[in-house]
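Written out below as structure tokens is the structure these notes cover.
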2 protein chains.
Amino acid sequence: MSAGRRGGLADEIVAYVRGRILAGDMKPGEKVDQDAIAEALDVSRSPIREALVILGQEGLLDVTPRRGAFVASITREDVIDHYELFGLVSGRVAALAAERLSDSEISEMRLIHERFEAATGEDHSKLNNEFHRLINTAASRRTRWLLRHLERSIPAGFYAFTPGWTEQAHTGHDEIIEAITRRDADGARRAMEEHLHAAGVAAADALAERGFWEDA
Amino acid sequence: MSAGRRGGLADEIVAYVRGRILAGDMKPGEKVDQDAIAEALDVSRSPIREALVILGQEGLLDVTPRRGAFVASITREDVIDHYELFGLVSGRVAALAAERLSDSEISEMRLIHERFEAATGEDHSKLNNEFHRLINTAASRRTRWLLRHLERSIPAGFYAFTPGWTEQAHTGHDEIIEAITRRDADGARRAMEEHLHAAGVAAADALAERGFWEDA
DNA sequence: GTTTTGAATTTTGTATACAATATGTAATTC
DNA sequence: GAATTACATATTGTATACAAAATTCAAAAC
């Protein structure tokens with residue numbers, strides 16, 4: 001982590017540890033050694049402890065006073081449930097979007113959607129974010145806050161947009177757009193819930209592929 | 001904070017700062033001075049910084065690197081929305097409870113409910129917790145995790161059970177129990193959503209009464 | 001052979017120290 | 001008099017130091 005950087009070191013450590021966990025590099029139940037991270041990143045334990053607190057709040061670590069931090073034992077069911085909850089909130093937003101989004105905003109959605117279809121590799125994740133962010137315009141401040149948190153806990157952009165999932169995502173987005181264009185609030189809700197359920201399955205599969213649930 | 005205590009100091013500081021904010025003692029936008037807290041509680045800045053990170057994650061503080069932590073500008077609308085979201089998740093759990101809770105668990109709910117009616121003062125908050133905790137038995141692990149977080153962000157037990165609100169809460173609980181007894185999933189969902197909407201209004205009023213939104 | 005006990009070691013939690021940035025203030029310029 | 005710059009002060013972020021608890025491991029007891 002060298003020198004030169006001041007401020008927000010904890011965020012980088014969060015990203016590092018989260019990455020290692022989601023890559024299946026650190027197994028559920030495994031202890032997170034503060035000194036090991038300190039040595040690996042060449043930082044002191046002060047920002048590390050702040051990072052562990054954040055990851056604890058996110059649910060990726062179990063932090064027990066005096067015992068330390070351990071990689072949380074997240075099951076496949078947890079991941080599926082998490083996306084289900086994500087879908088519950090996003091679905092409500094989609095319903096609002098069907099009622100409140102202006103026609104020009106819907107056109108913009110369509111444009112992003114078409115670019116998503118044509119895109120390749122890395123861009124899918126970015127365009128996916130843009131798509132959902134536009135819908136979330138219809139949500140209240142607090143709702144966007146909650147969505148941000150749910151997104152971080154089990155990062156959505158973390159699983160690759162594999163060929164199979166990209167296609168499925170495109171279909172899901174299509175149904176959402178159609179419902180919103182129809183001004184069909186309930187249809188938009190259902191479409192979003194189904195889309196995120198599928199995303200949950202995809203995320204769980206991606207984690208399984210990385211050996212996330214394999215024993216050490 | 002004296003001596004003798006080791007471990008988990010940050011949690012106490014979280015409670016202290018949260019209390020001061022929700023008591024209207026620290027106004028939205030106001031800067032949180034680390035040294036001031038350190039002096040007030042006679043602790044070093046290490047656990048304080050961890051506490052501020054937690055409160056930042058909860059949304060009660062805006063934490064900007066190198067600038068410090070500021071009391072978040074939470075509006076009345078934010079509080080209402082927050083409870084609406086709480087209701088969205090709790091409503092889904094109530095629907096599950098109507099389908100999955102055993103008859104003996106429902107009887108237990110009734111018992112708690114009756115004790116709530118007879119109770120006085122402090123006990124209301126405790127029995128209210130027991131009531132909701134029992135319903136949440138029907139929820140998945142991840143759902144309970146999310147509810148815990150939503151509960152902490154704007155602590156439910158923090159506003160007093162004033163005479164007026166106690167009565168309203170009792171009516172709400174009554175409707176929830178009736179629907180669950182009827183095994184009416186959708187009715188339970190609606191009853192829970194309405195109950196938590198009312199709770200949101202009560203919470204916002206309680207905060208207003210404490211001068212939470214008054215300018216410094 | 002298994003269990004228990006008791007130091008030696010490791011690791012955590014908190015305090016303190018120091019460096020870098022941000023903030024406030026007064027002098028200077030227009 | 002208002003705006004701007006330069007300097008002094010305050011506050012944050014990170015590193016280091018030290019004390020308390022937990023873990024480890026080996027010797028002793030059963």
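Per chain, numbering begins at 1; letters A, B, ... match sequence-line order.
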Below 4.0 Å: OP1/OP2 of D:dG13 and any side-chain N or O of B:Arg49: yes
5'-most by nearest nucleotide on DNA chain C - A:Lys31 or B:Lys31: A:Lys31
Would you kindly give the CD1-to-P distance between B:Ile13 and C:dT14, to the nearest whole Å? 8 Å
Quick one, A:Ser104 with A:Ser107, criterion side chain to side chain donor-acceptor pair (under 3.5 Å). Give me CA distance, side-chain angles, the key distance, then yes/no. CA-CA 5 Å; A:Ser104 76; A:Ser107 303; over 6 Å; no
Respond yes when some side-chain nitrogen or oxygen of B:Ser44 is under 4.0 Å from OP1 or OP2 of C:dT14, and no when none is. no
Could you check A:Ser46 against A:Phe70 and say which one's nearest nucleotide on DNA chain D is further toward the 5' end? A:Ser46
A:Trp213 to A:Ile74 - nearest heavy-atom pair and separation: NE1-O, 2.7 Å
Touch check for B:Val32, heavy atoms < 4.0 angstrom, all strands: base, sugar-phosphate only, or nothing? sugar-phosphate
Walk me through whether B:His197 and B:Tyr83 qualify under ring-ring contact (aromatic ring centres under 6.0 Å, His included). CA-CA 6 Å; B:His197 176 77; B:Tyr83 275 85; 9.5 Å; no
C:dT9 P sits how many Å from A:Asp33 CG, rounded? 18 Å
Rounded off to whole Å, could you give me the CG-to-P distance for the A:Asp42 and D:dG13 pair? 20 Å
Mind calculating the distance between CG (B:Asp35) and C1' (C:dC18) to the nearest angstrom? 14 Å
Can you find a side-chain donor-acceptor pair between B:Thr75 and B:Asp78 that sits under 3.5 Å? yes
To the nearest angstrom, the CD-P distance between B:Glu50 and C:dA15 comes to 11 Å
Euclidean distance, atom CZ of residue A:Arg66 to atom P of D:dT23 [Å, nearest integer]: 11 Å
Please report, rounded to the nearest Å, how far the C1' atom of D:dG13 is from the CZ atom of A:Arg45. 16 Å
What's the separation between atom CZ in A:Arg110 and atom NE2 in A:His173, rounded to the nearest 0.5 Å? 14.0 Å
Length of the line joining A:Gln34:CD and C:dT10:C1', which is rounded to integer Å: 12 Å
From the list C:dA15, D:dA15, C:dG13, which nucleotide is the closest neighbour of the side chain of A:Pro65? C:dG13
